[in-house]
Amino acid sequence: MKNRINQLLEEVNQLVATNQEELEALRIKYLSKKGLISELFNDFRNVANEEKREVGQLLNELKNSAQDKINEIKEAFNSSSSSENKTDLTRTADPLKLGTRHPLSLVKHEIIEIFSRIGFTIAEGPEIEDDWHVFGALNFPPEHPARDMQDTFFIEQNPDVLLRTHTSSVQSRVMAKQKPPIRMIFPGRVYRNEAISYRAHCFFHQVEGLYIDKDVSFADLKQALMYFAKEMFGENTDIRLRPSYFPFTEPSAEMDISCNICGGKGCPFCKHTGWVEILGCGMVDPNVLENCGIDSKVYSGYAFGMGVERITNLKYQVKDLRMFSENDVRFLEQFKSAY
Ligand code: PHE
């Protein structure tokens, strides 16, 4: 019996099959109920008691080896047939379709780049805000109309949870946390409850600038903005500052640039004035500095805020604001750039 088992063991280890039928024939020959190995199990009854232990072990070894060998051959069939069917290694790869950056991202990056060249670093703040950071700290009186439901999106009837209406909220956050000197810009999305049309949307993008140090003057503000306008729109661009009002800056101004579409001669885009407004700015109101824990007797600063959509419209002459959020590939594909 032992000899027979050893002989079969040797046989089993050398099994080969070239196709599924041959493999099935081998399985039947060795492992089926009437197969050679089962026969040996039947004969096991007749083995002398003192040999049962040793022979039993051998028999089990034989059965496992046969099963393993057959599985191994089956496995080899499966993997070779699947690679034959599915993979053609000679086929050329599909070309990768590269996307393009969104025009607003392009312009945002360009603005960031221009200001980083004169030492501004970047910070961001939350879009879901509270009243203090968007209005209170920025010197808005309690009944100021900007707090009104018509402008501001409030969340779940709780007037202290709202979507920021301007990136000036990041000013209050940064000033409360950081000691001057502060020279930073804050890009981000803002929300206002406006009817959507070609010239207004319920969300848009701003880049805020803030510079706080000892002896910062209005001349510094004007110089930084002139540098920005020329870098962004070209050396021949002129700027003009018109007096304006914001609760958080005093004095305040709005800045126009000479219309870069008609070169200042007058066109429909600049409503024939030759000028286009691109940002609001001013000297940070001492109340705001104090609200944020900065000593207004020691420090002064300027701030400005610009609309990214407006700058993009000017740069690329996009006439309808809604294009920026419609995700029309024919529109987006036109903005190929190195940024
Ligand atoms: N936050 C103002 C706006 O949204 C812009 C601004 C920023 C004005 C900073 C002055 C200083 O219109």
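Each ligand, and each atom within it, is numbered from 1 in the order the structure gives. Worth saying up front: this structure is predicted, and the values here are computed from it rather than measured.
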Notebook entry, point to check: If you look only at pairs with a residue in residues 9-20, which of them pass as a side chain to side chain donor-acceptor pair (under 3.5 Å), with sequence neighbours excluded?
Noted result: Glu11-Tyr30, Thr18-Glu22
Check: Checking Lys52 against Phe44: charged group under 6.0 Å from the ring centre and within 45 degrees of the axis?
Finding: yes
Next item on the list: Check each protein residue for a heavy atom under 4.0 Å from ligand 1 and list those that pass, ordered by chain and number.
Entry: His166, Ser168, Gln171, Arg192, Gln206, Glu208, Phe246, Phe248, Thr249, Gly280, Cys281, Ala303, Phe304, Gly305
Can you list, pair by pair, the side-chain donor-acceptor contacts under 3.5 Å of residues 244-258, counting residues two or more places apart and other chains?
from   : atom 1 : to     : atom 2 : distance (Å)
Thr249 : OG1    : Ser252 : OG     : 2.7
Ser252 : OG     : Phe246 : N      : 3.3
Ser252 : OG     : Thr249 : O      : 2.8
Glu254 : OE1    : Arg242 : NH1    : 3.4
Asp256 : OD1    : Arg242 : NH2    : 2.8
Asp256 : OD2    : Arg240 : NE     : 2.8
Asp256 : OD2    : Arg240 : NH2    : 3.2
Asp256 : OD2    : Arg242 : NE     : 2.8
Ser258 : OG     : Asp238 : N      : 3.0

Next item on the list: Run the salt-bridge test on Glu129 and Arg173 with the 4.0 Å N-O cut-off and return the result as yes or no.
Entry: yes
Checklist line | Residue pairs involving residues 216-234 (criterion salt bridge (Lys or Arg N to Asp or Glu O under 4.0 Å); sequence neighbours excluded) | finding: Arg117-Glu231
Check: Are the ring centres of Phe335 and Tyr316 closer than 6.0 Å?
Finding: yes
